[in-house]
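Before any comments, here is the structure.
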Amino acid sequence: MPLLLTESLDRNRRELTHQHIESCAVCSEEWNAYKETWKVMAELPELEVPARVRDRFLASVDHSQQIPANVVPFQRRPVARWLTQAAAVVVIAGGGYFAGNRTNARPLVAPTEATIQSVQQAPYSIAETRVLPASQISPDIQGRPNIQNVQFHESSADKVGLSFDVTSRVTVTGSPGDRSMVRLLSYVLESDQSVTPSRTRTIDWVKQTYSDPEYAEPEIANALAKVLRNDTHEGVRIRAAETLKTLTPSVGSHTRDALIEALKSDPNPAVRIKAMEALAGLVQGGASFDAVMVDTLRQKAAQDDENLYVRAKAAEVLGTIRRQ
Amino acid sequence: MKRTIQVSRYLTALVVVATAATAGASVIVTDQWRNEYAISAGGTLVIDNTAGNVEVVAGNVTKIFVTCERTIRAGDNVVASEARSQTQQAVGGDEKVRILRTVVPPGRNARWSSSVSYVVRVPGNINVKIGTEFSESIRVSGVRGSVAIKNMNGSIVLDNILGTAVVDSTNGSIQYLSNGPLPANTQLFTINGDIDVRAGVQSNFVWETQSITGDVKTAFGVHGGRFLNPKRFRGNVNVPAGITLITETFGGNVLLIPRGADVSAARDVRSMAVPRIARVLPRAGSGSTGPQVLTPQMISVGLRRPSVAGSFEYVTSIGDIAIGEIRGDASLATGAGQIQLGTVTGQCVVKSYGGPLTLGDIGGELIARTEAGDVVVQSARRGGTISTGGGTIRIHYTGGATRLVSGGGDIVVRQAAGQITADARSGDISITIDPARKTEKIFARTLKGNVVLNVPAGFGADVEATVSSADATSDLIRTDIPGLTIQREQVNGKTRLRATGKINGGGERVELYADDGGILINSDSTRVSPMVPGQ
Amino acid sequence: MKHLSDQELMRVVQAGDYSPASEIYDRYSGRIYNFAFRFLKNAEAAEDATQEVFVKMLKYANQFHGDAKLSTWLFSITANWCRDYLRKADNKPKDSDDVLLTLAASPEYSPERDLERREDEKRVRGALSALTPEQREAILLSRYQGLSYAEIALIAGCSEGAVKTRVFRAMETLKKLLAGDAGRGDRCLNAIS
C-alpha cells in the first residue's frame with residue numbers, strides 16, 4: 001500500500017496490486033479509506049490572495065531604478081500577430097539561419113557513443129522566443145525580414161544584446177479535431193488586438209469547418225461567445241452569433257449564456273435576432289430549457305420597446321416548450 | 001422545511017399498477033393520499049407543483065383538505081419505485097401561510113416521469129398562490145381572497161374569484177368567469193395563449209388590452225376607447241370605479257363579453273378606437289411623402305399570394321409577406337416579419353422593422369429597408385437604395401445607380417452594372433463589376449472590415465484606396481493591376497496607407513476605404529459567373 | 001508578457017528589468033499563498049510569506065539558473081521562509097477560523113452546501129495540523145501543488161525516498177482522522193506491495 005500510494009510501483013506491479021485490491025476485502029477496505037480521505041482533502045477550497053499583498057509587493061518594486069535608460073520601452077505587440085515570432089537575439093538573425101545554413105566548415109570531431117537517457121520531443125510553441133549567441137547566427141540576412149520592437153541590452157562590459165520581433169510565416173496543418181488546431185483558432189478568435197481580416201476570416205472558416213457535428217468543439221464555441229460578448233463592432237458580433245447558430249452541437253452553458261446575454265442587451269437588433277435564432281436552434285436540437293432561458297424569452301416577448309421581430313421569435317420559441 | 005409525506009388518519013394508499021401487454025412497455029403507478037391543515041382567516045395557501053393539475057375550490061370549511069394523486073410513468077417497477085421515492089411532497093409554513101410543494105430532482109430524467117395533481121378544498125376567506133410548469137389545467141373557484149397563478153403550459157380557469165387576480169402564463173390559455181360584476185383588479189397575461197373574460201353585464205372597469213398578432217374583441221359597450229400604441233387599447237366599460245382589467249397576450253386572442261352573451265356579438269376593438277395617424281411609405285408613383293391616415297382596419301396580419309395584377313400596397317403591423325409576382329408597382333411594409341417577393345415589374349418599396357427581405361427580379365427602382373435582418377436581391381435592374389440596420393446585403397445584379405448601407409454586416413454585389421455607393425459600419429464589402437463595363441463610379445467604405453473590388457480586364461479608373469489601422473503593414477492594400485503608388489502616413493496614432501493612381505489609363509473615380517481591414521483590387525472578374533437578367 | 005515563458009521572464013529580471021514582476025506574481029501568488037496558509041495555518045503569516053517570497057525572487061534572481069522550474073525555486077524559498085517562521089519560539093501554527101475564505105462562486109451554492117463545506121474544511125485543517133511540519137510540507141507540495149517527489153526532495157533538502165515516506169505517513173494519519181473507522185483492521189498478508 002505505501003508503494004502504491006507513493007506511485008513507486010512500475011506498471012505491471014501496479015496493475016497486479018489493483019487486481020489484488022479488487023479481490024481482497026481487507027485491502028479493498030483500506031484502499032477505499034484512502035480514497036475517501038483524499039476526496040475529503042480535495043474539498044479544500046482554493047483561497048484567493050488578498051489584493052493588498054499584490055499592492056504591497058508591487059509598491060516595494062522600484063521600477064524606475066531598474067530600467068536602464070537605453071532600453072526602448074516594450075511596445076505591446078498585437079496579440080493577433082501570431083505569425084510573428086519574438087526573438088531575443090543577440091545579433092540579427094536572417095531567414096537563412098532557420099534553414100541551418102552555415103558558411104563555415106565545421107571542425108571534424110571523432111564520434112563517441114551517445115548516452116542518451118531519454119529524449120522528449122518538445123512540442124513547438126508559437127509563442128516561443130529564442131536566445132542565440134551571435135557566433136551561431138549566419139551573417140547573411142535573406143528575405144528582408146520585417147524587424148520591429150527593437151531593444152538594446154548591455155549585460156556586461158564586453159557584451160551587447162539586441163532583442164527584436166521578426167516576422168516569419170508559419171503554416172499549421174492538421175485535422176479540425178486536433179487539439180492544437182482548435183487551440184490556435186480559439187486564440188485568433190479571442191485575441192482582442194486581432195486585425196480584423198484575420199478574425200473575420202477565421203470566423204467564416206470556423207463556420208465552414210466546424211459546423212460538421214463530427215468536429216463539435218466547445219472551445220471554439222466559447223471563443224466565439226467571447227467575441228459576441230466583447231467585440232465592439234456589430235458586423236463581427238453578427239457573424240459570431242450566426243456562426244454559433246451553426247455550431248449548436250458544440251454549444252455548452254457558457255456559450256448559451258453569451259447568447260442569452262446578447263439577446264438581452266446587445267444594442268444592435270440584428271445581433272439580437274441572430275442570438276435568438278441560435279437559441280432557437282439549440283432548442284430544436286434538443287437542448288433543455290432552463291429557467292434563465294425561459295425568463296429571458298418571456299421578457300423579450302413581453303417587452304414593448306423590443307424589435308417586434310425579436311419578440312415574435314421569442315414567442316415562437318416559447319410556444320415549442322413541451323414537457324420532455 | 002422539507003418533510004416526507006405525512007400520514008394521517010385519512011390516508012388512503014391506493015396503488016394501481018398497470019402494465020402494458022407488450023414487452024418493454026412502461027409501468028404506470030398511481031397513489032393517493034389526503035391531508036388536512038389548519039389555516040387562519042386571511043391566510044395564504046401556496047401550491048408549488050412542477051407537473052400536475054391543480055384544482056382549488058372554496059367551500060363551507062374551516063381547514064384546508066388536500067387530496068393528492070401521484071402518477072409515475074417508468075420503464076419497470078424498480079425504476080417506478082425510485083421515481084416514487086424521488087417525487088415527494090413537502091409541507092411547510094404555518095396557519096398564516098401554508099405551503100405545499102412537490103419536490104422532484106431538478107432536470108429531466110430519461111427513465112421516468114412523475115406528476116402530482118392536487119384537489120384542494122379551502123375556506124373562502126383565504127388567498128391562493130399557485131405555481132406550476134406543466135399541467136393540463138389549473139382551476140380556482142369561489143375564493144374570496146386574492147389569487148396569483150404562474151404557469152408555463154396548461155389552461156387556467158378562475159371562476160367567481162372575489163379578490164384581485166393575477167395570472168402569468170407562457171403558453172396557457174386563461175379563462176376568467178364572474179357571475180356578477182368584475183369584483184376587483186385583474187391582470188391576465190399570457191404569451192401564446194388566448195384570454196377569455198366573461199363578467200356580469202353591470203361590470204364597471206377600465207379595460208387595457210393588447211394582442212400583438214391576434215384579435216381583441218368585446219361585446220361590452222366600450223367608450224372612450226383609444227390605442228395607446230399600435231397594439232395597446234384602453235377603454236371604459238360602463239362607469240369605471242377604480243377597478244382595472246388588464247388582458248395581454250402576444251400570439252393569442254382576447255375576448256371580453258358579458259356572462260351568458262353570445263360570442264358572435266363581440267366586435268373588434270379596432271372599430272371602437274379613435275383613428276390613429278400613422279406614417280407609411282409613400283404610395284408608389286404618387287410622389288407623396290407625407291403621412292397617410294390609417295384606419296385600424298388597414299392593420300392586419302401577414303399575407304401570402306402567388307401573384308397580384310397591377311400595383312399593390314400592403315401594410316401589416318406584424319406578419320410575413322410573400323408574393324410571387326406583382327405586375328406593377330409594389331409598396332409593402334411589415335412591423336415585424338419577413339418579406340419575400342418574386343418578381344416586381346415596376347418600382348418596389350419594401351420595409352420591415354425587423355426581419356429579412358428576400359427579393360427576386362425587380363424591374364423598377366428598388367427601395368428596400370429592414371431595421372434588422374439580411375437583404376438578398378436577385379436583380380435590381382434600375383438600382384435603388386438598399387439598407388439594413390444590421391445584417392448582410394447580398395445583391396446578385398444591379399443595373400443602375402445603387403446605394404447600399406449596412407449598420408453591421410457584409411455587403412456583397414456580385415454583378416454591378418451601375419454606380420455603387422456602399423457603406424458598412426462593420427463588415428466586409430465585396431463588389432464585382434459587370435464584365436461589360438469599362439469604367440464605373442464606385443464608393444465603398446467600411447469602418448471595420450475589408451473591401452474587395454473585382455474589375456474586368458481593361459477596366460479604367462482613377463483609384464484612391466485608403467486603409468487606416470493601428471497596425472498597418474504594406475500588404476493591406478493589394479492589387480494585381482499596375483499604376484498605383486502607395487504612401488504611408490501617421491494620423492492620430494494610426495497608420496494610414498493610401499494607394500492612388502490611374503489604372504488602365506484612368507476613368508471614373510473609384511474610392512475605397514477600409515478602417516481596420518484591407519483592400520484588394522482584382523482584375524479578374526470572370527471568376528464570378530455573370531448573371532444576365534432574364535429577357 | 002503573458003506569452004513569455006517563466007525562463008524568459010526571469011532572464012528579463014536578471015538583466016535588471018523588473019517589469020515582469022507583476023506577471024510572475026500573478027502566475028504563482030495563488031499557489032504560494034495557499035501553500036503557506038495551509039502550512040502555517042495563519043493568514044497574516046501567509047500574506048507576509050507571499051510578499052517576501054516574491055521580493056526575494058527579485059533580489060536573488062541571479063541565483064535562478066533555469067535548470068529547475070521557477071515554481072520549484074519559488075516553493076523552495078517559501079518552504080525555507082515558513083520553516084524559519086516556525087522555528088521562532090512564539091510562532092506555532094494556530095487555528096485561523098476568523099480568516100475570510102474567498103471562495104469562487106459556485107452554481108451549486110446553497111446555504112446547506114456552504115455549511116457542509118465549512119465543516120469539511122475545518123476537519124481537514126484539524127487533520128493537517130496533526131501532521132509533523134515535514135509531513136505537512138510533503139503532503140501539501142505533493143498532493144495540492146502537484147510537485148514531483150524529486151522536486152520536493154530538492155525543496156526539503158532530503159532524499160526522494162524520505163519524501164515518499166513522509167507522504168505515506170501523512171496519508172496514514174489523515175486517513176485515520178478523516179475516514180474514521182474505515183480502513184482499520186488487519187493488514188492483508190497477501191498484499192503484493
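Chain A is the first sequence line, chain B the second, and so forth, proteins listed ahead of strands; every chain is numbered from 1.
- Considering only heavy atoms from C-beta on, B/K231 stays 4.5 Å or farther from A/D304 through its side chain.
- Shortest non-hydrogen contact noted between A/L308 and B/I212 is CD1-CG2, 3.8 Å.
- Scanning all heavy atoms of the two residues, the minimum distance from B/A372 to A/A270 falls at CB-N, 3.6 Å.
- The CD atom of A/E316 lies 13.5 Å from the CD1 atom of B/I191; values are rounded to the nearest 0.5 Å.
- Of the two parts of A/K313, neither the backbone nor the side chain holds a non-hydrogen atom closer than 4.5 Å to a non-hydrogen atom of chain B.
- Shown here for B/A336 and A/Y309, the closest heavy-atom pair between the two residues is CB-N, 3.2 Å.
- Distance check, rounded to the nearest 0.5 Å: CG of B/D410 to CD1 of A/I238 gives 9.0 Å.
- A 6.0 Å sphere centred on CZ of B/R425 holds no more than 12 heavy atoms belonging to other residues, nucleotides or ligands.
- For B/R369, the CZ atom sits in a packed shell: over 12 heavy atoms of surrounding residues, nucleotides or ligands are nearer than 6.0 Å.
- Atom OG of B/S426 is separated from atom CZ of A/R239 by 9.0 Å, given to the nearest 0.5 angstrom.
- In this structure, no portion of A/R272 lies under 4.5 Å from any heavy atom of chain B.
- Here CD1 of A/I273 is found 6.5 Å from OG1 of B/T370. Values are rounded to the nearest 0.5 Å.
- Residue B/T190: no heavy atom, backbone or side chain, is found under 4.5 Å from chain A.
- Contacts of B/F189 classified as ring pair (Phe, Tyr, Trp, His ring centres under 6.0 Å), with partners at least two apart in sequence or in another chain: none.
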Which is it for A/V294 and B/E133 under the side chain to side chain contact (heavy atoms under 4.5 Å, CB included) test, yes or no, and what are the steps along the way?
CA-CA 11 Å; A/V294 170; B/E133 285 181 25; over 6 Å; no
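- Around CZ of B/R73, the count of heavy atoms belonging to other residues, nucleotides or ligands within 6.0 Å does not exceed 12.
- Here the closest heavy-atom approach between residue B/F250 and residue A/A315 is recorded as CD2-CB, 3.4 Å.
- The residue among B/G251, B/G337, B/G193 with the most heavy atom pairs within less than 4.5 Å of chain A is B/G337.
- Ranking A/V310, A/N268, A/N307 against chain B, the residue ahead of the rest is A/N307, based on heavy-atom pairs under 4.5 Å.
- When heavy atoms are compared at a cutoff of 4.5 Å, B/E248 does not approach chain A at all.
- A side-chain donor-acceptor contact under 3.5 Å links B/N171 to the backbone of A/L318.
- Contacts of B/E136 classified as salt bridge (charged side-chain N to carboxylate O under 4.0 Å, His left out), with partners at least two apart in sequence or in another chain: none.
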